[in-house]
Amino acid sequence: MLAKITISLILLSLSLRGYALEPLGEQAMASISGQSGIALDFSLQLNFDNALTDTPHSLWNEKSLCDASDATGDTGCRLALQFNNRDTEWAVLKGMYGIMELNNVYVDGDTQTDSSDYQDPARFYDDSGSCLANSAANGGCGGEGLNAMVLSFGPADDGATEVGSISYEEDVVFGLVITSIGVEYDTGSGPGFSSGYNNDNLPGFAGVKFGDVSGGVYGNAPATADIDGRLYVSGF
Amino acid sequence: MRPRLQSTNLLLAATLTLGAAQAQALTELSDDSLSDVQGAGISLALEDFRYLMAPTSYIELTGSDPGAGTTLQRGDARYYGLSISSGEGGGIQQWSGSDSCTTSLMGCPIGGTIDHMASANNPYVLRVYDYAFNDWPGYDPQNPDSSRPKVYNAAGVESPTTVLELIGPSQTDLWRWAFWGEIEVGRDASDALAGDPIVASNDGFLQSLTYIKGRPIAHYGAPAALGYDSSLNPTAPAQLQILQETSEQTFGIIYHSYLSGDFRFSAGVDNGSAEGAARYTGTLGKVPTFNDDEGLYFGRVNAYLPLGQLAYQSITFDDAPDKSGDFIIELTKIPGDPDDPAVGKNVYTDFYSLADGDTEGYQRTGRPERYYKTHGYVQWGVWFPDAEGIQSDGGGSYVNSTDVNGDPQKYYAPTATSTDQGIFFQDGAGAVTNIGTARMEGVLIQHMKITTCGAAPANCN
């Protein structure tokens, strides 16, 4: 069965958030320079009922399209890996479904600075020992002065959960179920050949779940994480 | 890799908005700045960083029902509230919100943000690198290939030494890593139908705290001088390499772990104090409050563990021989014959790194530099005198070393109640039993194999 992949990209200007798509006027486009940075929301649903675009977190576990037979008997909802020189063997993740959301990711640009005393110029050397990141500081070789893409999370749109003196924002929402992890083999030959990624002949040895007990001890809410600080990404 | 998706199941939606003004602006890159980038690697620097999973969020390894003919029970393990935060000061609180831990030795597993988790001049580096030449000891620029150990597979093809690697910072601010764990034994189908909170009659469970305050680095070099002089023993970073394994030309991983700091493990859920009693639940899935002091401690640990060596040993994956559905994680054997000059001798020479004239490996002095890359070590405590030996003053006998921040510090001889180093237990009332310091060096792993048995539980008996 061919996989059907639907990709939709929705572009809105700030002033039109929450409205339907309509043509941008010249004046509105001219006022956008891109210099102020980018704010991004990201949502990925894997093997989920795509009729639900805003699944309440308390119900996410029930909206998968993987039924109970997807761990055994059925061959849907799986990811299979085959390593080099393991020709008939597949590591198979069965009954796999989940969601991931990144909320309010800020993307900016900056030049790196360093107020620490930590220096290691050797990591910027090539094979001959020549410096690939010339810097005015750090003995002439380092990351100070490199142009960087800066990633961070902005304030939570939906508030936060207070526990003690810490305010836990939902910067990352991540729910994943892998019902069974195991090994399958190619079987048969000729017209009777069946690839291991499509077989369901052996039991798995473990399963994995990312979740939260706020929706019940045995399921029904995705895990969340609060990430503070900034990541600077540079090439050299 | 083949994703297998059921019907119309993958929906990717991205919403792009041009947002409010930020502290820094996006500006056009000039040709000069673009020409400086040579594509050798990617630098990843982290400032003011902290990662906090919600106290109720978990990563679970789910077990399976035991097969017939075994006395084993199903086991499920959850790791809740995984956090990476600053190790400075007394910390902030526990996952339950209790903040009585701020004055305890390692009471608060959650701290503030890490100022310099990976600074600009000492960042994480992601790169593809060829170690074929000048990274081997005895490198001869006139004959570069002769200086590294050569390994060939059955087809006579020489092993490659190009890797994709992630290198950690070699110096960083102090961190806290922590999570609280829950092991449940005996879960069955009836549990999922029970109400919440669940205390199933046939389930045993243990809630515990795991907490490291330290850095993913350790001192590198001759053990007698470890930690005493940073100029003689610089710190080395953790390193992960992905490559093509030598003998079977399959997927391989090499990981060199450097770790230093203090460790605490505790199963002491607090229901004795007034605050603890108010928060105590003793219920599966409910965030507990741990006693601020109780636990097993390892103080002032320095450890280096090499899992694999470039060109001839790496971690690989394979199926179990009985083809039951289980698989194997293996740190491959040292290849070749040590007496065969064509294949094995140079590998063994590199791996064992004997001193000149030492044919049996017992000589402790005069070892080549390469020895400290192939042999691991673990120290619990710092009571290991260097060349200046044990000294004394009005406070007693001491050795010079460095504290957890890397600053010079005297360490007096550990006693039965010391909490600044070594291996010790502490009860809920704060009473300490220190069983001493320990040191293990020359750790050499020639071969290691782990086989799962969850698919065929009878194999575990």
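Just so we're on the same page: letters track the sequence lines, and every chain starts at 1. This structure is a prediction, so every number in the text was calculated from the model and none was measured.
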Visitor: Is the closest side-chain heavy-atom distance between Leu44(B) and Val233(A) below 4.5 Å?
Guide: yes
Visitor: Would you check, one step at a time, whether the test side chain to side chain contact (heavy atoms under 4.5 Å, CB included) holds for Thr62(B) with Val208(A)?
Guide: CA-CA 6 Å; Thr62(B) 55; Val208(A) 174; over 6 Å; no
Visitor: Please check if the side chain of Arg127(B) supplies one atom and the backbone of Phe124(A) the other of a donor-acceptor pair under 3.5 Å.
Guide: no
Visitor: To the nearest 0.5 angstrom, please state how far the CG atom of Leu52(B) sits from the CD1 atom of Ile166(A).
Guide: 5.5 Å
Visitor: Among Asp76(B), Ile59(B), Leu82(B), who wins on heavy-atom pairs under 4.5 Å with chain A?
Guide: Ile59(B)
Visitor: Whether the side chain of Gln93(B) engages the backbone of Val163(A) through a donor-acceptor N/O pair (distance < 3.5 Å, no angle test) should be reported.
Guide: yes
Visitor: Under a 4.5 Å heavy-atom cutoff, which of Ser119(B), Gly285(B), Ala320(B), Pro169(B) has the most pairs with chain A?
Guide: Ser119(B)
Visitor: Relative to chain A, which segment of Leu126(B) carries a heavy atom at a distance below 4.5 Å: side chain, backbone, both, or neither?
Guide: neither
Visitor: Would you call the rings of Phe83(A) and Phe317(B) parallel, tilted or perpendicular, taking 30° and 60° as the class edges?
Guide: parallel
Visitor: With a 4.5 angstrom heavy-atom cut-off, is it the side chain or the backbone of Ile92(B) that approaches chain A, or both, or neither?
Guide: side chain
Visitor: Looking at Ala91(A), Gly145(A), Ser115(A), which one has more heavy-atom pairs under 4.5 Å with chain B than the rest?
Guide: Ser115(A)
Visitor: In terms of heavy-atom proximity below 4.5 Å to chain B, should Tyr125(A) be classed as side chain, backbone, both, or neither?
Guide: backbone
Visitor: Can you name the one residue among Val125(B), Thr235(B), Ile167(B), Asn122(B) that meets side chain to side chain contact (heavy atoms under 4.5 Å, CB included) with Asp120(A)?
Guide: Asn122(B)
Visitor: How long is the straight-line distance from OG1 of Thr88(A) back to CG of Asp319(B), given to the nearest 0.5 Å?
Guide: 7.0 Å
Visitor: I'd like to know if the side chain of Ser43(B) and the backbone of Ser234(A) have a donor-acceptor N/O pair within less than 3.5 Å.
Guide: no
Visitor: I'd like to check Val213(A) versus Arg78(B) (side-chain heavy atoms, cut-off strictly below 4.5 Å). Are they in contact?
Guide: yes
Visitor: With rounding to the nearest 0.5 angstrom, report the OH to NZ distance, Tyr185(A) to Lys323(B).
Guide: 4.5 Å
Visitor: Counting only non-hydrogen atoms closer than 4.5 Å, does Asp318(B) touch chain A with its backbone (N, CA, C, O), its side chain (CB onward), both, or neither?
Guide: both
Visitor: Quick one: closest heavy-atom pair of Asp212(A) and Ser57(B), and the distance?
Guide: OD2-OG, 2.6 Å
Visitor: Let me know if Asp115(B) has heavy atoms under 4.5 Å from chain A in its side chain, its backbone, both or neither.
Guide: neither
Visitor: To the nearest 0.5 Å, how far apart are CG in Asp114(A) and CD in Glu47(B)?
Guide: 7.5 Å
Visitor: Just by distance, no angles: are the side chains of Asp228(A) and Thr113(B) close enough, under 3.5 Å, to form a donor-acceptor pair?
Guide: no
Visitor: Is it the case that the side chains of Gln119(A) and Asn121(B) hold a donor-acceptor pair, with the cut-off being a distance below 3.5 Å and no angle test?
Guide: no
Visitor: What part of Ser152(A) gets closer than 4.5 Å to chain B, counting heavy atoms only: side chain, backbone, both or neither?
Guide: neither
Visitor: Would a 4.5 Å heavy-atom cut-off, applied to side chains only, mark Ile227(A) and Phe49(B) as touching?
Guide: yes
Visitor: Tell me, side chain or backbone of Ala118(B) under 4.5 Å from chain A's heavy atoms, or both, or neither?
Guide: neither
Visitor: Arg123(A) side chain to Pro123(B) main-chain N or O, any donor-acceptor pair under 3.5 Å?
Guide: yes
Visitor: Examine whether an atom of Arg230(A) lies under 4.5 Å from a heavy atom of chain B, and if so say whether it belongs to the side chain, the backbone or both; otherwise answer neither.
Guide: both
Visitor: Are Thr250(B) and Arg86(A) close enough that some pair of their side-chain heavy atoms sits under 4.5 Å apart?
Guide: yes
